[in-house]
Amino acid sequence: MRKVLLACAALGFSGCARHPAPTTAVAAVAPALRRSEARPAGEGASVAHDFFLRARRMEMEGNDAVALGYYRIAFEYDPQSRDLCFLLVDRLKDAGHVDSAVTLGRTCLGLQGSPASAEYQSLGEAYLRRGDMRQALECYRQALELDEDDKDALYTLAGLYEKLQDFPRYAETMEKLLPRLEYPPRLVEKLLQVYRFLGRADAMVPFLREAWRKSGRASFGENLAAYYEARVLNRSFLEVAETLARENPDHAGYELLRARALNSCQMPDSALGAYQALLKSNPDAQEVLFPYAALLHDLGKYDQAYPVFEKLAAAFPRHPLYQYFLGSAGLELRRPESRAALQRAAALEPAVPDYWARLVYADLVFGSDSAESRLQHLPDSGEGWQSAFFRGLVHALLAKHLEPRSASEPTAVLEDSVASRRFRIRAVDFFRAALAQSPQNRRILFELGSNLERLGRRADAVETLRKLVKLDTANAVAMNYLGYMLVEDNRDLDFAGKLIDRALALEPENGAYLDSKGWWYYRKGNFSAARAYLGKAAARYPKDSTILEHLKTVNRNR
């Protein structure tokens, strides 16, 4: 409470009787007061108090214009009162006299007494109303120096930084503000968007964890899970999913999230068990049936997956993904009707290259003459580079489908290794054509580089991927891909190590990157460090044959 209010309590109403009753306009009162030149000592404060009370009464009666006049007179009688001065500043702002409020606010700060956070905020608001954000910013900074816990000052300062597009300081201010507001989800999401814009993924995780711990809001755990899942940080994804499921036992969605995380951590049996438990309580749940069947498909249990996809495709005939998986599982079971399902998927969503690649693969498996014709008449998926890129993807995916997975598989009789190479060469040609039209395109560069590597043209692949990592310094996949290639070739190891380190800095729990780092240490002859990294990689991907082979090789060099 300001000093003048304290003075009111001390002085009472004794001075009121010496002055005329207020008129409807202060102008009628002020001249008479100004004609009174000789006042006894101490009368100024008493008169100021009297006019302060009159101003308050006018405000209560809704007569703000007269009240403002009385506040002016009160300040004339007690011009050294900081509280009365800033009170008048506030009333001038409310009346729209912004320039006068700014001028008076500066004067108020120079009066005797200790400055307060609220005073700098009062002047800062006047600057804001005048449109002077820079001066307002300085005022609110001063306010926070005096009271770093002032939520209003923090909120306004964050808004100023946002308007001025000073996003690093906006994030810094919001980090201080949000715990004091108990982490409102809308403001938390705004801060997360700023973190993404600034490329500060490292800041998102500790902030979300703290917000989740202190507020108890499960939505922050969901954000964490989504972050970990998107970056293939599978162990952390599972830890968050299990916590959500444990803390919210009646929330089926979190149990479904846990099942997905179990699958990501290469724990398919546990994931299948979780899906089956969910289906017991709701056997027709589409959101459970699909990932359950997709997992069966990935595990090669096509005979179990097929009837589930058949059920889904019948219930949702215009769902392209259900048609695609039905066709894919049927193809593995050599069911001729699988081609019809794949054709429906491609017709429903023609811009997906894998639908066309799998359909052409079905043509080849069933001995159809339409495979080449279908490849020549793929739909246009855009202008310029996009059309060539789309065709390149279709050919690359078809090459992958045709790669022999084992000599015992029926597809091996198609001489797939020869056919696969032929289609991959055509994919490279399409990617080069696309790159000629869009030379800095990162998606094209990655696909071109990875397909050159698969063709054994490693020098060309390295050259292409070097361009990519120079253009895209946040592409962890490309950096690890190139780094691992160089380690495999046992050349440019210092450069390779830097690339892998940059990838790990972006995704420190990624098992593939940990494997690359472990193999790099092996090439450098540091077997102890190699075992440490490869052990971490194996913990994240316990069934990955490459990681296990690397670990076995390193352990032979104890």
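All heavy atoms count here, side chains included; hydrogens, waters and symmetry mates do not. This structure is a prediction, so every number in the text was calculated from the model and none was measured.
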So, Glu162 and Lys190, do they make that salt bridge, N to O below 4.0 Å? yes
Steps toward side chain to side chain contact (heavy atoms under 4.5 Å, CB included) verdict (Glu189, Leu192): CA-CA 5 Å; Glu189 183 54 39; Leu192 296 180; 3.9 Å; yes
Which atom pairs, one a donor and one an acceptor, fall under 3.5 Å between side chains of residues 535-544 and the rest of the protein, sequence neighbours left out?
residue, atom, partner, partner atom, Å
Arg540, NE, Glu509, O, 2.9
Arg540, NH1, Lys536, O, 3.1
Tyr541, OH, Asn234, ND2, 3.4
Asp544, OD1, Thr546, N, 3.0
Asp544, OD1, Ile547, N, 3.0

Answer yes or no: is there an ion pair linking Arg213 with Glu247, defined by an N-O contact shorter than 4.0 Å? no
Can you list the steps and then say if Arg454 with Glu403 is a salt bridge (charged side-chain N to carboxylate O under 4.0 Å, His left out)? CA-CA 11 Å; Arg454 287 184 175 91; Glu403 287 173 346; 5.2 Å; no
Any salt bridge between Arg180 and Asp152, counting N to O under 4.0 Å? no
Is there any side chain to side chain donor-acceptor pair (under 3.5 Å) pair reaching into residues 442-451, and which pairs are they, with sequence neighbours excluded? Arg424-Asn451
N-O pairing of Arg391 and Asp380 below 4.0 Å: yes
Taking only residues two or more places apart in sequence, or in another chain, which ones meet Glu175 in a side chain to side chain donor-acceptor pair (under 3.5 Å)? Tyr195
Qualifying residues under ring-ring contact (aromatic ring centres under 6.0 Å, His included), relative to Tyr140, sequence neighbours excluded: none
Might you point out which heavy atoms bring Leu506 and Ala474 nearest each other, and give the distance in Å? CD1-O, 3.5 Å
Step-by-step side chain to side chain contact (heavy atoms under 4.5 Å, CB included) determination, Leu499 to Asn480: CA-CA 6 Å; Leu499 288 174; Asn480 178 70; over 6 Å; no
Please step through side chain to side chain contact (heavy atoms under 4.5 Å, CB included) for the pair Leu191 and Leu187, ending with a clear verdict. CA-CA 6 Å; Leu191 178 57; Leu187 294 181; over 6 Å; no
Take Gln121 and Ser117 through the side-chain hydrogen bond (donor to acceptor under 3.5 Å, both in side chains) test and state the conclusion after the steps. CA-CA 6 Å; Gln121 289 184 65; Ser117 175; 3.1 Å; yes
Asn510 versus Arg231: any side-chain heavy-atom pair under 4.5 Å? no
Between Asn557 and Thr553, is there a donor-acceptor pair closer than 3.5 Å when you use the side chain of the first and the backbone of the second? yes
Among all residues two or more places apart in sequence or in another chain, which pass the side chain to side chain contact (heavy atoms under 4.5 Å, CB included) test with Glu182? none
Does the side chain of Leu398 come within less than 4.5 Å of Leu375's, by heavy atoms? yes
The criterion is salt bridge (charged side-chain N to carboxylate O under 4.0 Å, His left out); which residues satisfy it with Glu488, sequence neighbours excluded? none
Who are the salt bridge (charged side-chain N to carboxylate O under 4.0 Å, His left out) partners of Asp166, not counting sequence neighbours? Arg169
Mind telling me whether Phe325 and Phe309 have parallel, tilted or perpendicular rings, with 30° and 60° as the class edges? parallel
Set out, in order, the CA-CA distance, both residues' side-chain angles and the distance that settles side-chain hydrogen bond (donor to acceptor under 3.5 Å, both in side chains) for Tyr481 and Glu453, then state yes or no. CA-CA 10 Å; Tyr481 199 113; Glu453 185 266 336; 2.7 Å; yes
Give a yes or no on whether the ring-centroid distance for His395 and Phe430 is below 6.0 angstrom. yes
Does the pair Lys214/Glu210 count as a salt bridge with the N-to-O cut at 4.0 Å? yes
Listed partners of Arg217 passing salt bridge (charged side-chain N to carboxylate O under 4.0 Å, His left out), at least two apart: none
Mind checking what makes side chain to side chain contact (heavy atoms under 4.5 Å, CB included) contact with Ala532, not counting sequence neighbours? none
Below 30° counts as parallel, above 60° as perpendicular, anything between as tilted: where do the rings of His297 and Tyr302 land? perpendicular
Donor-acceptor contact below 3.5 Å, side chain Arg523 vs main chain Val487: yes
Nearest 0.5 Å, please: how far is CD in Glu463 from CG in Leu452? 9.5 Å
Got a sec, which residues hit side chain to side chain donor-acceptor pair (under 3.5 Å) with Tyr161, two or more places apart in sequence or on another chain? Arg141
What one should report as the nearest heavy-atom pair of Ala461 and Gly449 is CB-O, 3.4 Å
Working to the nearest 0.5 angstrom, can you tell me the gap between Thr464 OG1 and Ile444 CD1? 12.0 Å
Give a yes/no verdict on a cation-pi contact between Lys517 and Tyr513, requiring under 6.0 Å between NZ or CZ and the six-membered ring centre and an angle within 45° of the axis. no
Among all residues two or more places apart in sequence or in another chain, which pass the salt bridge (charged side-chain N to carboxylate O under 4.0 Å, His left out) test with Glu287? none
Tell me, do Leu238 and Leu262 make a side-chain contact under 4.5 Å, heavy atoms counted? yes
Should the ring pair His319 and Phe316 be called parallel, tilted or perpendicular, given that the plane angle runs from 0 to 90° and is split at 30 and 60? perpendicular
Quiz: residues 267-277 side-chain donor-acceptor pairs under 3.5 angstrom, not counting sequence neighbours:
residue, atom, partner, partner atom, Å
Gln276, NE2, Tyr292, OH, 3.4

Can you classify the ring geometry of Tyr322 versus Phe290 as parallel (below 30°), tilted (30 to 60°) or perpendicular (above 60°)? tilted
Tell me if a side-chain donor or acceptor on Ser281 pairs with a main-chain N or O of Leu278 at a distance below 3.5 Å. yes
I would like to know whether Phe389 and Phe431 meet ring-ring contact (aromatic ring centres under 6.0 Å, His included); could you show each step before the answer? CA-CA 6 Å; Phe389 182 67; Phe431 290 138; 5.7 Å; yes
d(Glu349 CD, Arg318 CZ) to nearest 0.5 Å is 11.5 Å
